[in-house]
Amino acid sequence: MTEQELLRREALVKLRELGIDPYPAPMFDVTAFAADIVANYQEEVLEDGSKKRLNCQEVALAGRVMAAREAGKAMFLNLQDSSGRIQLYMRREEVNGGDENSPLFDTVVKKLLDLGDYIGIKGFAFRTKTGEVSVHVQEFKFLSKSLRPLPIVKRDAEGNTYDAFTDPEQRYRMRYVDLTVNPEVREVFIKRTKLIKTIRQFLDELGLLEVETPILQPIHGGASARPFKSHHNTLDMPLYMRIANELYLKRLIVGGFDGVYELGKMFRNEGMDRTHNPEFTMLEYYVAYKDYFWLMEQTERMLERVARALHPSGDSTVQIGENSIQFAGPYRRLTMFDAIQEYTGLNVETADEAELRAYCKKEHIEIDASMGKAKLIDEIFGEKVEGHLIQPTFLIDYPVEMSPLTKKHRSKAGLVERFELFVNGKEVGNAYSELNDPIDQRERFEEQLELAKRGDEEAMALDEDFLRALEYAMPPTAGIGFGIDRLTMLFTGQSSIQEVLFFPQMRPEVNPG
RNA sequence: GAUCCCGUAGCUCAGUCGGUAGAGCACUUGACUUUUAAUCAAGGAGUCAUGGGUUCGAGUCCCAUCGGGAUCACCA
């Protein structure tokens, strides 16, 4: 244990010797919050120049002590609660209750109270000589003693920060410390919650039913990715953590719900980087009798609403680096072929596989022999186009080979009715008119099985029960999925997924402590 | 999985050519009854990520391992 930790444990013992419980059981009745007092405190200046305090004259606050400035027989503390910080003012004679020999001020407050301790106080608001709204403490009690020193982050009047707690490893491993000392981190997560709430409200208003589907699945379907594998002991069978919930949600459409959505975690056993965490949050929703054009309109409405909900002034634009992104629709609609034509001059519709291979070689795009034309087009798009799509853009009409669950295009042979939404050069959503022809769907699954045989670990497994469901008939349906973490990154200006997950996946610590 | 960078006090960081480990904040002791990055005086605090190696001598050079970050690959 460090010197500072030992001192805090000694303080714990001394508090108990003085009859003070550092971890009391009774609830503390909080009646006020720091930010509200700072914002609402009022006083008036009387004719004789003295001040009359008008409100906040009996307040009880609870929070963490984040700074302490001793000034002889007085003391200033900064108390931080969930709303923010407020200064506390304590005086020796009051804390001691008029008893000259009381240890309360000189020992308990000045020596045994440490930064990071939770305390509860009662007192009245006032404004100090220097103009800061503060609380004059009349009573205080320990609520919980902190045994470890917090990183001390200081800010001066100009807003400069000193000794910020910045080490990403420590911030992610000890998010509780990060949240305590870095208020801007709190704000990101509050925005995340607001984003999810706004989306949920939007979907509820559309009349969709929020549902839950299995996370442990006997067959992992609905996406191309490697799953986490587990095992059920009683059933003695393998179970997979879901990589998608698409096939279950469509079964519910078969069952007669007109619209369903699920917000939940997906799990993919793949690489991790600044945009991938092994578990991540997806929104998927499916609506009967609609198509992908309808989904484009809903997406424009939903994201505009989210942008306005998160923006301090209710604006629909979001500033990301140098780009001001406009979330009010309509968004640009661009076919995948037109997009490639526009950014490369290449006509992928007329080009044959050999020409595409030659282009990739010329442009140093990594490809391998197993890639067919559709995959080559996807690679070219990823390398040459994706990064240019800054303003929200619907990229529409994909080659059928890449989309085994998507309905064939109503008029364009070889394509499917699918779009992906790109914002700030990254994909944030994927949608299509769902394939509901059970015979076509079986053929698509069989093509996936061929890919699996050729060694594609991410090829989709054939799901007989899902096919049976489609054979009972699924109405024409439109479905869409959004990566909630990535949307959050977009709307909070974060470039790392770890900044929008409270507890991003980390390798285990060797010696925690 | 590959490459590069990083790991020194509770926090943020210096540490020269290889020669006894440094600063600010935090902490301890003292002064101060309206301070606010409080101030002033004095003091304590380190397995230099871990393990090897080179060397008379390693925080510093070399190798390996662990952890983190960035870039790439795969994906959302």
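Only heavy atoms go into these numbers, but all of them, side chains included; no hydrogens, no water, no symmetry mates. Chain naming here is simple, since letters A, B, ... match the order of the sequence lines and numbering starts at 1 in each.
Within 4.0 Å of Asn182(A), counting heavy atoms only, lies no atom of the nucleic acid at all. Among the heavy atoms of the strands lying under 4.0 Å from Arg91(A) is at least one base atom, whether or not backbone atoms are also near. Residue Thr166(A) is classed as a sugar-phosphate contact, given heavy-atom separations below 4.0 Å to backbone atoms only. Residue contacts for Gly483(A): at a heavy-atom cut-off of 4.0 Å it reaches no nucleic acid atom on any strand shown. When heavy atoms are screened at a 4.0 angstrom cut-off, Gln170(A) is found touching the sugar-phosphate backbone but no base atom. Residue Phe126(A) is classed as a base contact, given a heavy-atom separation below 4.0 Å to a base. Counting any heavy atom pair closer than 4.0 Å across all strands shown, Gln4(A) reaches a base atom. Thr128(A) comes within contact range of at least one nucleobase, with a heavy-atom separation under 4.0 Å. Residue Ala67(A) is classed as having no contact, given no heavy-atom separation below 4.0 Å to the nucleic acid. Tyr162(A) comes within contact range of at least one nucleobase, with a heavy-atom separation under 4.0 Å.
Nucleotides rG30(B) and rC62(B) have their P atoms positioned 49 Å apart, rounded to a whole Å. Taking the C1' atom of each, rC25(B) and rA70(B) are spaced 29 Å apart, rounded to whole Å. Nucleotides rG46(B) and rG10(B) are separated by 8 Å at their P atoms, to the nearest Å. Spacing of P atoms, rA45(B) relative to rA9(B), comes out at 15 Å, to the nearest Å. Nucleotides rA41(B) and rU54(B) place their C1' atoms 47 Å apart, quoted to the nearest Å. rG19(B) and rG43(B) are spaced 28 Å apart, taking the C1' atom of each and rounding to whole Å. One P atom belongs to rA58(B), the other to rC11(B), and the distance between them is 27 Å to the nearest Å. Comparing the same atom, C1', in rG24(B) and in rG15(B) gives a spacing of 15 Å after rounding to whole Å.
Taking a cutoff of 4.0 Å between a charged side-chain nitrogen and a carboxylate oxygen, Glu417(A) and Lys407(A) do not qualify as a salt bridge. Between Arg92(A) and Asp106(A) a salt bridge is recorded (basic side-chain N to carboxylate O distance below 4.0 Å). A salt bridge links Arg155(A) with Glu184(A); the closest basic N to acidic carboxylate O contact falls under 4.0 Å. Using a cutoff of 4.0 Å between basic side-chain nitrogens and carboxylate oxygens, Arg507(A) and Glu169(A) are not scored as salt-bridged.
Between Lys129(A) atom NZ and rU34(B) atom C1' there is a gap of 5 Å when expressed in whole angstrom units. Here rU34(B) presents its P atom at 13 Å from CD of Glu94(A), a figure rounded to the nearest Å. Atom CG of Leu77(A) is separated from atom C1' of rA38(B) by 13 Å (rounded to the nearest Å). Distance, Glu5(A) CD to rG44(B) C1': 16 Å, rounded to whole Å. Asp178(A) places its CG atom 11 Å from the P atom of rU12(B), with the value rounded to the nearest Å. The nearest whole Å value for the distance from the CZ atom in Phe105(A) to the C1' atom in rU33(B) is 8 Å. One atom, CG of Asp156(A), and another, P of rC25(B), lie 14 Å apart when rounded to the nearest Å. Taking atom CE on Met1(A) and atom P on rG10(B), their separation rounds to 13 Å, with Å as the unit.
Nearest nucleotide to the Glu132(A) side chain, out of rU35(B), rC11(B), rU28(B): rU35(B). The side chain of Lys111(A) approaches rU29(B) more closely than any other nucleotide in the set rG24(B), rU28(B), rU29(B). With rA38(B), rU34(B), rU12(B) as the choices, the nucleotide that has an atom nearest any side-chain atom of Phe165(A) turns out to be rU12(B).
Under the side-chain contact (heavy atoms from CB on, under 4.5 Å) test applied with Leu195(A), the options Ile199(A), Thr198(A), Thr193(A) reduce to a single match, Ile199(A).
Each of Arg155(A) and Thr281(A) was assigned the nucleotide of RNA chain B with the nearest heavy atom; the assignment lying further toward the 5' end belongs to Arg155(A). Mapping Phe76(A) and Leu115(A) onto RNA chain B by nearest heavy atom places Leu115(A) at the nucleotide closer to the 5' end.
For rC11(B), the OP1/OP2 oxygens have no side-chain nitrogen or oxygen of Lys154(A) closer than 4.0 Å. In this model, the phosphate group of rA38(B) is approached by a side-chain N or O of Arg69(A) to a distance below 4.0 Å at OP1 or OP2.
Within the 4.5 Å cutoff, no side-chain heavy atoms of Val188(A) are placed close to those of Glu499(A). Put simply, the side chain of Leu61(A) reaches to within 4.5 Å of the side chain of Ile37(A), judged on heavy atoms. The closest side-chain heavy-atom distance from Leu487(A) to Leu303(A) is below 4.5 Å.
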Completion exercise
Taking Watson-Crick and G-U wobble contacts under 3.5 angstrom, with | marking pairs to another strand and [ ] crossing pairs, the secondary structure of RNA chain B is written (((((((..((((.....[..)))).(((((.......))))).....(((((..]....))))))))))))....

Please write out each protein N/O paired with an N/O of nucleotides 65-74 of chain B under 3.5 Å, distance rounded to 0.1 Å.
| residue | atom | partner | partner atom | Å |
| --- | --- | --- | --- | --- |
| rG67(B) | O3' | Arg173(A) | NH2 | 2.9 |
| rG67(B) | O2' | Glu169(A) | OE1 | 3.0 |
| rG67(B) | O2' | Glu169(A) | OE2 | 2.2 |
| rG67(B) | O2' | Arg173(A) | NH2 | 3.4 |
| rG68(B) | OP1 | Arg507(A) | N | 2.9 |
| rG68(B) | OP2 | Arg507(A) | NH1 | 3.3 |
| rG68(B) | O4' | Glu169(A) | OE1 | 3.0 |
| rG69(B) | OP1 | Gln498(A) | OE1 | 2.7 |
| rG69(B) | OP1 | Gln498(A) | NE2 | 3.2 |
| rU71(B) | OP2 | Arg274(A) | NH1 | 3.1 |
| rA73(B) | N6 | Asp273(A) | OD2 | 3.1 |
| rC74(B) | O2' | Glu458(A) | OE2 | 3.3 |
| rC74(B) | N4 | Asp273(A) | OD2 | 3.3 |

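Centroid-to-centroid, the aromatic rings of Phe394(A) and Tyr292(A) stay 6.0 Å apart or farther. Aromatic ring centres of Phe491(A) and Phe327(A) lie closer together than 6.0 Å. Residues Phe381(A) and Phe422(A) bring their aromatic ring centres within 6.0 Å.
You won't find any donor-acceptor pair under 3.5 Å spanning the side chain of Glu70(A) and the base of rU35(B), going by distance alone.
Qualifying ring pair (Phe, Tyr, Trp, His ring centres under 6.0 Å) partners for Phe142(A), counting only residues two or more places apart in sequence or in other chains: none.
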